[in-house]
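Here's the structure we're looking at; comments come further down.
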Amino acid sequence: MENRRRDRSENPWMAGDLYLQSVAGHHGLDQLTLATREGLLLSASGDRELSNRLAAVAPVFAEEPATLKPGMLEDLAQGQPLQLWRVSIRDRPFYLIGVGSPTDMPEEVQTAFDRIFARPGKRGQSN
């Protein structure tokens, strides 16, 4: 996580990307994508095209996986494990979808996203 300490941004989307790069590297994930419940990309590490595709399927994968075309997730993940975690940012639901080694997502990820995407006046304040 030390790289993240050096690589910072005031732009929440860039900060989110930098944070996800750090988390993905620390947890052995090749790809990590934060998606809205509408399937839109918010932040990601790795390939942007794949991130957009993962964001698009994340809500369906989370809520109605049986409706996905058989083999679709395997094709997207190129045979690697695919994991999904639910997170809340400013009391709204989002999906964090990872490709790579199975891992547990630490609670600090939720706290970091709350801080990164806080309303502009609240970013510098501590709880």
Side-chain angles (χ1 to χ4, degrees):
M1 298 265 189
E2 205 163 297
N3 260 359
R4 168 138 167 44
R5 303 261 182 246
R6 283 194 317 257
D7 298 333
R8 293 183 171 265
S9 176
E10 291 298 317
N11 177 311
W13 293 273
M14 178 65 77
D17 289 351
L18 292 170
Y19 182 68
L20 287 180
Q21 289 170 12
S22 175
V23 171
H26 189 259
H27 291 280
L29 297 168
D30 294 330
Q31 184 83 25
L32 196 53
T33 299
L34 180 65
T36 68
R37 68 181 184 182
E38 296 81 21
L40 301 174
L41 175 66
L42 189 59
S43 289
S45 71
D47 179 79
R48 266 327 215 216
E49 186 176 327
L50 177 56
S51 295
N52 276 305
R53 290 177 181 177
L54 289 170
V57 300
V60 180
F61 179 40
E63 306 300 334
E64 301 176 42
T67 63
L68 290 171
K69 178 181 168 186
M72 180 181 210
L73 295 176
E74 292 78 10
D75 287 346
L76 274 176
Q78 299 173 346
Q80 294 188 67
L82 190 66
Q83 301 169 88
L84 184 127
W85 302 269
R86 288 170 167 69
V87 295
S88 293
I89 301 171
R90 293 172 49 184
D91 298 321
R92 291 187 57 219
F94 290 83
Y95 304 106
L96 188 59
I97 188 165
V99 176
S101 303
T103 186
D104 290 325
M105 195 53 59
E107 285 185 34
E108 72 184 36
V109 171
Q110 174 69 59
T111 304
F113 281 127
D114 285 340
R115 185 181 66 251
I116 290 168
F117 292 103
R119 288 186 171 89
K122 296 185 178 187
R123 278 195 197 114
Q125 299 175 358
S126 59
N127 295 345

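Numbering starts at 1 and runs along the sequence shown.
- Checked options Ile116, Leu18, Leu20; the residue passing with Ser43 is Leu20 (criterion: side-chain contact (heavy atoms from CB on, under 4.5 Å)).
- Between Tyr95 and Arg37, some side-chain heavy-atom pair lies under the 4.5 Å cut-off.
- Taking hydrophobic clusters as Ile, Leu, Val, Met, Phe, Trp and Tyr residues chained together by side-chain heavy-atom distances below 4.5 Å, Leu50 does not share a cluster with Leu41.
- Residues Leu73 and Leu54 are members of one and the same hydrophobic cluster, defined by side-chain heavy-atom contacts under 4.5 angstrom among Ile, Leu, Val, Met, Phe, Trp and Tyr.
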Original post:
Can Thr33 and Leu96 be said to form a side chain to side chain contact (heavy atoms under 4.5 Å, CB included), step by step?
Top reply: CA-CA 6 Å; Thr33 299; Leu96 188 59; over 6 Å; no
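- Side chain of Ser45 to backbone of Gln31: no donor-acceptor contact under 3.5 angstrom is found.
- Contact between Ala55 and Leu40 at its shortest, heavy atoms only, is CB-C, 3.8 Å.
- Remark: Thr111 pairs with no residue by the side-chain hydrogen bond (donor to acceptor under 3.5 Å, both in side chains) rule, at least two apart or across chains.
- When all heavy atoms of Phe94 and Leu42 are compared, the pair lying nearest together is CE2-CD2, 3.7 Å.
- Shortest non-hydrogen contact noted between Met72 and Val57 is CE-CG1, 4.0 Å.
- Note: the hydrophobic cluster containing Leu32 does not contain Leu82 (ILVMFWY, side chain heavy atoms under 4.5 Å, direct or indirect links).
- Summarising the geometry, atom NE2 belonging to His26 is positioned 9.0 Å from atom OG1 belonging to Thr103; distances are rounded to the nearest 0.5 Å.
- Listed by first and then second residue, the salt bridge (charged side-chain N to carboxylate O under 4.0 Å, His left out) pairs that reach into residues 11-32 are Asp17-Arg48, sequence neighbours excluded.
- The six-membered or imidazole ring of Phe113 lies near that of Tyr19, with a centre-to-centre distance under 6.0 Å.
- Among pairs with a residue in residues 58-75, those fulfilling salt bridge (charged side-chain N to carboxylate O under 4.0 Å, His left out) read Glu63-Arg86, at least two apart in sequence or across chains.
- Two residues are said to be in side-chain contact when any heavy atoms from C-beta on lie closer than 4.5 Å; Leu34 and Ile89 meet this criterion.
- Looking at every heavy atom in both residues, Pro59 comes nearest to Glu38 through CG-C, 4.2 Å.
- The two residues Ala58 and Leu84 come nearest to each other via the heavy atoms O-CD1, 3.6 Å.
- Judged by distance alone, with hydrogens and angles left aside, the side-chain atoms of Gln83 form a donor-acceptor pair with the main-chain N or O of Ser101 at under 3.5 Å.
- Residues Trp85 and Val109 have side chains not in contact (no heavy-atom distance under 4.5 Å, counting atoms from C-beta outward).
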